[in-house]
Amino acid sequence: MDVKDAILGRRSIRRYADKPIPDSAVASLIEAVRWAPSSGNLQARKFYFVFNNDTKTRLAVLALNQMFIATAPLVVVACADYEKIADYGNRGKTLYVIQDVACAAENLLLEAYELGLGSVWVGAFDASGVANALNLPENLMPMAIIPVGYGAHHPKAPEREAKEAIVTILR
Ligand SMILES: Cc1cc2nc3c(=O)[nH]c(=O)nc-3n(C[C@H](O)[C@H](O)[C@H](O)COP(=O)(O)O)c2cc1C
C-alpha cells in the first residue's frame with residue numbers, strides 16, 4: 001500500500017468484528033511503533049498491548065465510558081517515558097516526549113490500516129486511573145489509548161479544513 005493511500009484512507013474505527021488479530025499482524029504493529037522517529041533517538045515511550053478482557057473493560061470505563069474500547073480484540077496504551085527524556089530538560093518533558101509518543105501512535109494507526117485493521121486514537125481518559133489499572137511505574141504517563149480490531153463499519157471521512165486555512169506558503 002502507498003503511504004498516501006494509507007494517509008487518506010485511514011479512518012477512526014469504533015466498531016469491531018469479533019475476530020482475533022493474527023500474531024503476525026501484532027508483530028507488524030510493534031515494528032511500526034518501534035521504528036518511529038524520536039528526539040535524539042531516545043525512544044522515550046512504551047506501549048502496552050492489552051488483550052485481557054477485564055483490563056480492556058477497565059480502560060473503557062476510565063476513558064469516560066467509551067465502551068467500544070472494550071470490544072476491540074487489542075487495546076494499545078501509548079505511554080511517555082519521563083525518565084528516558086530527562087536529559088532534554090524542560091523542552092524534553094513538555095514537548096519532545098509527547099511528540100515521540102504521538103508519531104509512534106500515528107505509525108500504529110497507519111500500519112493497522114495497511115493490515116486491514118481499524119483503530120482509533122482515544123485521548124479522553126483519566127490518566128492516573130489508567131496508570132493504576134496497568135500498574136505503570138512512576139516514569140510512565142499514558143498519552144493515548146488505541147483500540148485495534150477488524151472494522152465493522154465504514155465511516156465517511158470527516159471534513160478537513162481547506163488547504164489555505166491550515167498552510168501558509170512562504171516563497
Ligand atoms: C489527540 C486525539 C484525541 C482523540 N480522542 C478521541 C476520543 O477520546 N474518542 C474518540 O472516539 N475519538 C478520539 N479521537 C479521534 C478523532 O475524533 C478523529 O481522529 C477525528 O474525528 C478525525 O476522524 P478520522 O480519524 O476518521 O480522520 C482523537 C484523536 C486525536 C488525534
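Note that ligands are numbered from 1 as they come in the structure, with each ligand's atoms numbered from 1 the same way.
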As an exercise, identify every atom of ligand 1 less than 4.0 angstrom from a heavy atom of [X].
{"X": "A124", "result": "8 (O)"}
{"X": "Q66", "result": "7 (C), 8 (O), 9 (N), 10 (C), 11 (O)"}
{"X": "G123", "result": "3 (C), 4 (C), 5 (N), 6 (C), 7 (C), 8 (O)"}
{"X": "F68", "result": "11 (O)"}

Closest to atom 16 (C) of ligand 1 among E159, R11, R14 (heavy-atom distance): R14
Close approach of R160 to ligand 1, heavy atoms, under 4.0 angstrom: yes
Non-hydrogen atom of F125 closer than 4.0 Å to ligand 1: no
R11 side chain vs L8 backbone, donor-acceptor pair below 3.5 Å: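 Yes; judged by distance alone, with no hydrogens or angles, the pair exists.
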Donor-acceptor under 3.5 Å (N65 side chain, M67 main chain):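 Here the side-chain-to-backbone pair does not exist.
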Non-neighbouring partners of R91 that pass salt bridge (charged side-chain N to carboxylate O under 4.0 Å, His left out), sequence neighbours left out: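 Testing R91 for salt bridge (charged side-chain N to carboxylate O under 4.0 Å, His left out), a comparison that skips the adjacent residues, returns none.
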Protein heavy-atom partner closest to atom 14 (N) of ligand 1 - residue, atom, separation in Å: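 Of the protein heavy atoms, W121 O, 2.8 Å lies nearest.
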For K56, the option from V75, T71, I145 that meets side-chain contact (heavy atoms from CB on, under 4.5 Å):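 By the side-chain contact (heavy atoms from CB on, under 4.5 Å) criterion, K56 pairs with just one of V75, T71, I145: V75.
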side-chain hydrogen bond (donor to acceptor under 3.5 Å, both in side chains) partners of residues 157-171, not counting sequence neighbours, each pair once: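 Counting only pairs at least two positions apart or across chains, no side-chain hydrogen bond (donor to acceptor under 3.5 Å, both in side chains) contact touches residues 157-171.
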Side-chain H-bond candidate by donor/acceptor type, S128 with D126, under 3.5 Å: yes
Side chain, backbone, both or neither: V120 near ligand 1, heavy atoms under 4.0 Å: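 Side chain only.
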From CG (L117) to CG (L29), nearest 0.5 Å: 6.5 Å
